[in-house]
Structure formats: C-alpha cells, structure tokens
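What follows is one structure encoded as structure tokens, with my remarks underneath.
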Amino acid sequence: MIPIGRPESHREKRVIAHIDMDCFYVQVEQRKNPKLRGLPTAVVQYNSWKGGGLIAVGYEARTFGVKRSMRGDEAKKVCPDIHLIQVPTARGKANLNLYRDAGSEVVSILAAEGRCERASIDEVYLDLTDAAERMLSEMSSVGIQEIDEQVIKSHILGLPKNADEMDKIVKDWICKTDADHQDKLLACGAIIVARLRMNVLKETTFTCSAGIAHNKMLAKLASAMHKPAQQTIVPSSSIKELLASFPIKKMKQLGGKLGVSLERELGISFVGDLLQYSKEKLQDRYNINTGTWLWNIARGINAEEVQGRLLPKSHGCGKTFAGSQALKTAATVEHWLNELCEELNERIQADLEKNKRVAKTLTLHATAFKSNNGDFQKKFPSKSCPLRYGAAKIKEDAFKLFDFSLKEFISPQGAAWGVTSLSVTASKFLAIPSGTSSILRFLSENHSKQQSSSVDSDELSIYGTDLEIVYETSPKKKTNSSIHEESVICRSISAPTKCNKKSNKIKQKNKEACSIFKYFHSNDASSSILNEPSVNEVVENYTSSCQPENECSVELIEDPDCNEITSNNQPANKTESWKYNADNIDLTVIDELPLEIQNELKEWLRPYKQAKMAKKYSIADYFSPSKK
DNA sequence: CATTCTGTGAGC
DNA sequence: GCTCACAGA
Ligand SMILES: Nc1ncnc2c1ncn2[C@H]1C[C@H](O)[C@@H](COP(=O)(O)OP(=O)(O)OP(=O)(O)O)O1
Ligand SMILES: [Mn+2]
Ligand SMILES: [Mn+2]
C-alpha cells in the first residue's frame, strides 16, 4: 500500500521525471486513423449496452464535459459529434494488446537517458540525475545557451505569473547562471525531458506531459498540472507553497480510504495541513510506515527510488459477467476460462519470445454470489499453482483452481451460485539466462530446432507441458568466488490435485525429477561468461528420483569434484531434493518416469545422450561452431 | 451493468 | 511462500 517511509537526504539532489502520455488510448487510435486527429474522440469498451463504457477521452471531447466512465450514450448526449472508437475484441472479450504495444514503444524511447521505471501502461519515472550532472558539468563554463522551443514551454512553479513575459521568464530561469546547484540540475533535467518528449513525438506521433522535480512524488504531481503536451518543473523553493494548497485526495496514495480518514479524522484538506502534526502523532494514529510517510510528504520529502524496470511483472486476463450474465454452471465457467487462458497463453508466449523470460505462477481470481444468502457479491477465494506452459495445461489448471475455490465457496451448506467475474494471471517471471555459455540457451536452441520439425508448439514447449526446467545459479556469496555454478533439473509438474482446506495450499503430485546436470565455470574477468565457454566446465550427471506419493528425504552427497560449492546445493525446501549418484551416468532414471514424460524427456535429452555416447561431456563441444 | 487491467504491503 | 485489500491506470 503505502511505500515504506524513508526520508531523503536533507538536500535532495536527484533529478526525477515523471512522464505521462496524453489521453493515451485516444492517441493510439488517432495514429491508426489520422482522420480522427483534432476531432472529439473517446475509446469505449463494448457498445451494445448503453453505448459501451468510456476508458479514454480526447482533449477536444473533454471541453464538452465528456468524462471517463461515462456510457457511450451519455457522451453522445453532451457531445453529439463525438467519435467513439471501440477497443478491439477477441474471444468474446476486450483485447488491450494494441495499447500495451504502443506503451512499450514509448518506454523504449524514454529509457534512453537514465534509469526508467514503467509505472503503468502510459507512464514512466526517470532518474536523470547522472545525465543532468553530466550536462551541467559540460556547460558549466559557457552556461546554458540554446534552448529548444519545447523547453521554453515549460512551466516553472513558484515564479511570478505573467502571461506576456512567460517565455522570457522561463528562458531566464533555465539559463540563469547564478542559480543554485539544485535548480541548475532541474533545468538540465527539463532540457533532457523536452528532448525525450520530442523523440517520442517524432517516432510515434504521440504527445505527452512531464513533471521534473527532486523526487517521484513531486514529479508525478507536477506532470498532471499542465496537460497536454507540456512540462512542469518543481524547484525546491516552490514546494511549501505548492503543498499548502494541494488537495489531499489528489495526492497519489491519498485518493482512497486513507485520504478520507485524514480529512475526516484530522479535519484537514491540503497536504500542507499535515505539517502541524508531529511525526510521533502521525505514527501513533496511523502506523509507523504510513505515519512516517505522511510526515515526509507534508514536507515534500520522498526517497522512493526509481526502479529500473521496463516490463510488467504480471500478465492478467479477465472478464466480468454482470447481472443476468452471471455464470451459473461449471460448463459456462469452463468455457470462459478457456477463452481467458487462450489469451493468457498467447501473451506469455509472446513475452517469452520477446523478453526471454518465463512465468512461474498461475493465479485464478473470481467474484461470485450465493443466491440463497441474498444476492450479495462475495469474494471468491483466489488460488495459485505452478504455471505449466501450453494452452491446454493452463486451461486444465485454471479450471481445477476454480473448482477448488468453488467447493470452498459453497461449502458446507452447498447452494446455487453465480460467478460475476473471472480472471487468470501469470506472474513471478524469471529471466532465461542468455549468455553464450548458459545451459538454458543451449537447451532452448536445441529445442527450437526439434520443434520446427515437429508438432504443435503448444504441445512441446521447452518450459511446458509436464516438464519444467529448474535452473539455478549459485549465490556468489560464500565462495571462493570465481566459481560459478549453474544447475539444471528437469522434472515433471502435475496439475494441481488436492487443496488442503486448513492451510489453503494447493498440493501438486509429488514431483518426479531428473537432475540433468550441473555445470561449473570460472567467472573470472579473464574468462568472462560472455566469452566462449572457455573454462573448466564440468558437466556432471546427476540422477535421482523421488518416489511418487512420498516425501523425499534429504540426502546430500558431497560432490567429489566440487567440494567447495556443495553448500550451495542445499535445497531451500527439504521436501524436495535430489540424490546424487556419481556412478549412474546413464540417464536410465527416465525409465522410471511415466511413459508420456519419458518420451518427451528423451526428445529433449537426445543431444546429451549423443554426447554421452561420444564420451564428450563438455558443453563447450556444443558451442563450437563446427559442431551443431 | 463501468471494464480490464497492474502493483504494493500487511498478515498469515 | 500465499492471499487479501487497497490504490492506481
Ligand atoms: N479506469 C480505467 N479503466 C480502464 N482503462 C483505463 C482506466 N483508466 C485509465 N485507463 C487506460 C486508458 C488511458 O488512456 C490510459 C492512461 O490513463 P491516464 O494516464 O490516467 O489517462 P489518459 O492518458 O487517458 O489521459 P491524461 O491525458 O489525463 O493522462 O489507461
Ligand atoms: Mn495519460
Ligand atoms: Mn497515466
């Protein structure tokens, strides 16, 4: 909820920008159909019921009083000429990929000058401290000379308002040679941001607005002050006055219940009104984190870091089934879950291709009512399980999760039910290592070759179906350092089979596992991971199996060749571990796996078996250009 | 009968 | 680690 309240150092010297696209979905539609430019336009989802719901409104339409969340019909009433563009649909639901992709385009342009955090589909935070410092030092002797026209359009808080002289005042402020260091850095930040915004416009046709300040909170606040296609600078000297009249509910994090409780319980209206309360009082009334955070924001202090993150952390698909559309049979739920899972599968496959990462967790959310107990919406328990790649697996697992939740929802009485919303989410992404000497890269390259000459990619995915590849790298601490370990374990994952009522935990069938190998190489500068695999690779075969329906006992056997890193082999969870059998270098263990899995595993392991027969154990052999 | 998303900390 | 409420696009 509330970010942990950490104070910033007394004189904050960071240069932080917040950039937010103007009426974003509308601009995306206007790029697609330029005839809409300059016309009152809004984007709606669906349209058969009351003209659909507006989710984005262009600035021309806003002058007529058209608002987000209005119905299409309502918008037509106040703005008869409005162009209502529908969100694309697929599989009976809205599909937002057009806007997601446009958002990614923008992020990739804006990430060029400093650490960038994708804060939503249409906004980012940037930490431009280094770039601004560099700029300032480069022109410290000459002073700032030429200024883009865009920069002149900046608004600078705390300066006297004078419409006629504005251009000159801004230019003077930006170029002022006797300004303090903090202000000069902001001026440099503003120049950089203006250029970035120009780049976005040139490369995408989209306009955006920005705030430039010493922290995220003030930058966010400023970016919304002057829209569209403008930017606003917050010099430190302007903060007190700004917050003194800044409404509490407009502050990020105070737009909900907390903001209301502040207004009601303290009887205040503006962020600056919080100044009268001691830190202890705020911590006492709210809690240590929230209280500290409140005390700080009243003073314009906020030390939250800009996280370097360009990609979303999860992908979700959902649909609501309002009123009479509520789903009342398992079959209709299954139908819609299938549609949602199809889309989710498509999106995580695309994400894998583009971003080389895999999702590890599948979560099902729903809302439902019980019709005996009044019609009132009750939260349906959400559940998650390991995500298995492949549309069929995702569908199977999502429906099982739903089924567990439903039983919990209706028990013990058992009653008629109706589902009013469903969603499935893929999360906990892990990057696939991409260095030349990575085992996973090797696996995936080999696998994609097999795939091209075989069946539906859905049915044979490197991360998918019943197999998962667990990839681990040794934590570098505790070592003697230059040794780097990668281990790959290939194991089966089953659909969720049981749900423990008490702990609410989904039980998987016990995993049957085959540790494929471990791989060590030196991570010295002299033999960098980026170089050809070099190194003292040791490809060890580990074999093991877990008895189905039995918890494995931990049996760690020291690796004779690599004593120094066995401590890193400690399994985090003692219910799963691998026996090491140095003698069994043949992959006979797979004979103990279910036939279906065996076949799949054999396909996968063909290259390794060939390698074994040739008594070649070095992964380097696979990377050498002559081979393969 | 707003809808369809995403991210965070608390509490277990 | 998982689930939830809350806050925001
Ligand atoms: N409540 C919502 N439901 C669905 N989609 C939304 C919702 N709010 C915003 N969006 C989508 C559509 C918006 O174009 C996009 C960016 O949101 P936001 O930045 O708040 O407004 P905006 O970009 O449309 O206008 P502005 O120019 O005021 O920033 O996210
Ligand atoms: Mn926006
Ligand atoms: Mn936004």
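To find a chain, count down the sequence lines: A is the first, B the second, and so on, and within it residues start at 1.
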Q: Please name all residues satisfying ring pair (Phe, Tyr, Trp, His ring centres under 6.0 Å) with A:Tyr286, sequence neighbours left out, ordered by chain then number.
A: none
Q: Please collect all side chain to side chain donor-acceptor pair (under 3.5 Å) contacts where either partner lies in residues 76-90 of chain A, sequence neighbours excluded, each pair once.
A: none
Q. Nearest-Å distance, CG (A:Leu422) to C1' (B:dT3)?
A. 14 Å
Q: Please list, chain by chain and in numerical order, all residues satisfying ring pair (Phe, Tyr, Trp, His ring centres under 6.0 Å) with A:Phe429, sequence neighbours excluded.
A: A:His315
Q. Just checking, A:Lys383 and A:Phe404: is the charged tip under 6.0 Å from the six-membered ring centre and within 45° of the axis?
A. no
Please list, one pair per line, the donor and acceptor atoms closer than 3.5 Å that link side chains of residues 267-274 of chain A to other protein atoms, with sequence neighbours excluded.
from, atom 1, to, atom 2, distance (Å)
A:Asp273, OD2, A:Ser269, N, 3.1
A:Asp273, OD2, A:Phe270, N, 3.0

Q: Could you state the atom-to-atom distance from CG of A:Leu294 to C1' of B:dG9 in whole Å?
A: 15 Å
Q. Do any side-chain nitrogens or oxygens of A:Lys313 fall under 4.0 Å of OP1 or OP2 in B:dG7?
A. no
Q: Can you tell me which residue pairs pass the side chain to side chain donor-acceptor pair (under 3.5 Å) test with a partner in residues 49-75 of chain A, sequence neighbours excluded?
A: A:Tyr59-A:Arg62
**Q.** Phosphate OP1/OP2 of B:dC5: any A:Ser423 side-chain N/O under 4.0 Å
**A.** no
Q: Please check the phosphate of B:dT4 (OP1 and OP2 only) for any side-chain N or O of A:Tyr46 closer than 4.0 Å.
A: yes
(Q) Please classify the nucleic acid contact of A:Leu258 as base, sugar-phosphate, or nothing, using heavy-atom distances under 4.0 Å. (A) sugar-phosphate
Q: Report which part of the nucleic acid A:Lys252 touches: base, sugar-phosphate, or nothing (heavy-atom distance under 4.0 Å, all strands).
A: sugar-phosphate
Q: Classify the nucleic acid contact of A:Met21 as base, sugar-phosphate or nothing, counting any heavy atom under 4.0 Å across all strands shown.
A: nothing
Q | Spacing between A:Arg100 atom CZ and B:dT3 atom C1', to the nearest angstrom | A | 13 Å
Q: Kindly state which residues belonging to residues 59-70 of chain A come within less than 4.0 angstrom of DNA chain B, counting heavy atoms of the residue only, listed by number.
A: A:Arg68, A:Ser69
Q: Quickly work out the A:Glu123 CD to B:dG7 P distance and round it to whole Å.
A: 12 Å
Q. Does any residue of residues 315-329 of chain A have a heavy atom under 4.0 Å from DNA chain B, and if so, which ones, in number order?
A. A:His315, A:Gly316, A:Cys317, A:Gly318, A:Lys319, A:Thr320, A:Ala322
Q. Rounded to the nearest Å, what distance is computed from the NZ atom of residue A:Lys93 to the P atom of nucleotide B:dA2?
A. 19 Å
**Q.** Candidate nucleotides B:dT4, C:dC2, B:dG7, ranked by approach to the side chain of A:Lys428 - the nearest
**A.** C:dC2
Q. NE2 of A:His365 versus P of C:dA5: gap in Å, rounded?
A. 11 Å
Q: Verify the contact: side-chain N or O of A:Lys360 to OP1 or OP2 of C:dC2, cut-off strictly under 4.0 Å; return yes or no.
A: no
Q) Is the NZ or CZ atom of A:Lys370 positioned over A:Phe409's six-membered ring, under 6.0 angstrom from the centre and within 45° of the axis? A) yes
Q.
Can you see if the side chain of A:Arg347 gets near the phosphate of B:dT6 - specifically, an N or O under 4.0 Å from OP1 or OP2?
A. yes
Q) When we call it a touch if two heavy atoms are under 4.0 Å apart, what does A:Gln307 touch: a base, just sugar-phosphate, or nothing? A) sugar-phosphate
(Q) Does A:Lys249 reach a base, just sugar-phosphate, or nothing at all? Heavy atoms under 4.0 Å. (A) nothing
Q.
Does C:dA9 have its OP1 or OP2 closer than 4.0 Å to a side-chain nitrogen or oxygen of A:Arg118?
A. no
Q) Below 4.0 angstrom from OP1 or OP2 of C:dT3, is there any side-chain N or O of A:Thr363? A) no
(Q) Using the ring pair (Phe, Tyr, Trp, His ring centres under 6.0 Å) criterion, which residues pair with A:Tyr277? Sequence neighbours excluded. (A) none
Q: Name the closest nucleotide to the A:Arg71 side chain, picking from B:dC1, C:dA9, C:dC4.
A: B:dC1
Q: Between B:dA2 and C:dG8, how far apart are the C1' atoms? Round to whole Å, please.
A: 16 Å
Q.
Tell me whether the NZ or CZ atom of A:Lys319 lies within the 45° cone about the ring axis of A:Trp336 and under 6.0 Å from its centre.
A. yes
**Q.** Salt bridge A:Arg388-A:Glu396, side-chain N to carboxylate O under 4.0 Å
**A.** yes
Q. Between C:dG8 atom C1' and A:Lys216 atom NZ, what is the distance in whole Å?
A. 13 Å
Q: Check whether any side-chain N or O of A:Asn289 sits under 4.0 Å from OP1 or OP2 of B:dG9, and answer yes or no.
A: no
Q | Contacts of type salt bridge (Lys or Arg N to Asp or Glu O under 4.0 Å), residue A:Arg115, not counting sequence neighbours | A | A:Asp127, A:Glu305
Q: Choose from B:dC1, C:dA7, B:dT3 the nucleotide whose nearest atom is closest to any side-chain atom of A:Gln45.
A: B:dT3
Q) Which is true for A:Ile55 with a 4.0 Å heavy-atom rule: it touches a base, it touches only sugar-phosphate, or it touches nothing? A) base
Q.
Please report the distance, rounded to the nearest Å, between CD in A:Glu408 and C1' in C:dC2.
A. 13 Å
Q.
Against the six-membered ring of A:Trp295, is A:Lys279 placed for a cation-pi contact (under 6.0 Å from the centre, within 45° of the normal)?
A. yes
**Q.** Nearest-nucleotide comparison on DNA chain B, the residue closer to the 5′ end among A:Ala119 and A:Gly53
**A.** A:Gly53
(Q) Quick check on C:dT3: is either OP1 or OP2 less than 4.0 Å from any side-chain nitrogen or oxygen of A:Ser384? (A) yes
